[in-house]
Amino acid sequence: MPELPEVEHIRRTLSAKIVGSWVLRTRVERDDVIRGEIGVRDRGRALLRDGRISDVRRHGKRLAILVQDGRVLEFGLGMTGQFLLESPGGVPAERNHRHVIWYLGDRCGGMKQRLVWRDPRRFGGLTPLGDPETLNKACWGVLGPDALEIDEETLFDRLKKTQRALKTALLDQRLLAGVGNIYADEALHAAGIAPERRSHEVSRCEVGGLLKHVKRILREAVELGGSTIRDHKDPLLQSGAYQGRHAVYGRPGEPCQRCANVIRSNVVGGRTTHWCEACQI
DNA sequence: TGACACCTGGGT
DNA sequence: ACCCAGGTGTCA
């Protein structure tokens, strides 16, 4: 489900709703979604019980919830990971695959809302960490710069070091964090560069143009709540709207908006890839 | 670098 | 019944 825009939209939604809340209680329905070795005794602590939520952060496609005493929960959403925010009396719309639930509220007051971690395919998961340093270094330090933050020179230098197809490199989270299959295809089309071009042969000028489109497309997608292809819903069950702006993703056989040539699709680096042979060179 | 694995669900 | 899916990790 989630690339950078979807995760950033989720981050903003969560941040507005849960920062300042206390974690009153936690409930685990499936413990194999929790990564790392956590003793059963400490599991509630590891899941932030009795903490006051101070921040919700994102790097690339990854998300973290922090509490004031320094404990951290780090999330990878995989393909179908999802947060749900629910009011105490409300009946859940999604009843299955609800793996972890946090009951949030005031310090000594009643429960105000539930935060639910749902993930049907379970490619995602959460990792408890002891402190923000570990989050930034050991955990997120292995990822490349965030796609909204990286500068042209850094991206050019990193692409220069690999001969892989440009699209494959863009999907490598250690090279650049946040771009996935949809936005890689969209950015390459906007920049007029073929996905199979060798990364080290792309000129500085082309990388500059590509990066401008990457950032523009990601920012626009964030503002529209991301893309909803099949099942992406934000914590309030809202769908995204950026799928309406896709120029190539999911449109094989349709005419290219720029040159009217037929959009084709093929597998590049193991992922279905959509592009226009006529205007992407 | 590619094939395959991890899972469930939706569409044809 | 079969193919596909917004991701990532491991294997030869």
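As the structure is a prediction and not an experimental result, all values here were calculated from the model. Residue numbers begin at 1 in each chain, while the letters A, B, ... track the order of the sequences.
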Rounded to whole Å, how long is the line connecting atom CG of A:L77 with atom C1' of B:dC6? 17 Å

Between P of B:dT8 and CZ of A:R230, the distance in whole Å: 15 Å

Describe the nucleic acid contact of A:G180 in one word from base, sugar-phosphate, nothing, applying a heavy-atom distance below 4.0 Å. sugar-phosphate

Using a 4.0 Å heavy-atom cut-off across all strands, classify A:Y249 as base, sugar-phosphate, or nothing. sugar-phosphate

pair_partner(B:dT8), Watson-Crick or wobble, both distances < 3.5 Å, evaluates to C:dA5

Could you state the atom-to-atom distance from CG of A:N266 to P of B:dG2 in whole Å? 12 Å

Need one value for A:T228: base, sugar-phosphate or nothing, where a base atom within 4.0 Å counts as base even if backbone is also close, heavy atoms only. base

Send over the distance from A:H232 NE2 to B:dG10 P, rounded to a whole Å. 17 Å

Strictly below 4.0 Å: does A:H97 bring a side-chain N or O up to OP1 or OP2 of B:dC7? no

Mutual orientation of the aromatic rings belonging to A:Y183 and A:H246 [parallel < 30°, tilted 30-60°, perpendicular > 60°]: perpendicular

Without swapping roles, check the side chain of A:W102 against the backbone of A:L47 for a donor-acceptor pair under 3.5 Å. yes

Of the options B:dT8, B:dG9, C:dT8, whose atoms approach the side-chain atoms of A:N96 most closely? B:dG9

C:dG7 P sits how many Å from A:L171 CG, rounded? 7 Å

Regarding A:R164, tell me which of base, sugar-phosphate or nothing describes its non-hydrogen contacts under 4.0 Å with the strands shown. sugar-phosphate

Partner of A:E223 under salt bridge (charged side-chain N to carboxylate O under 4.0 Å, His left out), picked from A:R245, A:R12, A:R216, is A:R12

Would you please say whether a donor-acceptor pair under 3.5 Å links the side chains of A:Q163 and A:R198? no

Atom P, compared across B:dC7 and C:dC11: separation rounded to whole Å: 16 Å

Respond yes when some side-chain nitrogen or oxygen of A:T80 is under 4.0 Å from OP1 or OP2 of C:dA5, and no when none is. no

So A:D185, base contact, sugar-phosphate only, or nothing? Heavy-atom distance under 4.0 Å. nothing

Tell me the interatomic distance from A:L175, atom CG, to C:dT8, atom C1', rounded to whole angstroms. 16 Å

OP1, OP2 of C:dA5 versus side-chain N and O of A:R121: anything below 4.0 Å? no

Under 3.5 Å: donor-acceptor pair, side chain of A:D131, backbone of A:G70: no

Using the side chain to side chain contact (heavy atoms under 4.5 Å, CB included) definition, which of the options A:I65, A:I101, A:V100 pairs with A:L115? A:I65

Using whole Å, what does the distance between atom C1' of nucleotide C:dT8 and atom CZ of A:R271 come to? 9 Å

So which nucleotide from C:dG7, B:dT8, C:dT8 ends up closest to the side chain of A:Q173? C:dT8

Gap between atoms CZ and C1', on A:F123 and B:dG9 respectively (whole Å): 12 Å

Return whichever of A:R198 or A:R30 has its heavy-atom-nearest nucleotide of DNA chain B closer to the 5' end. A:R198

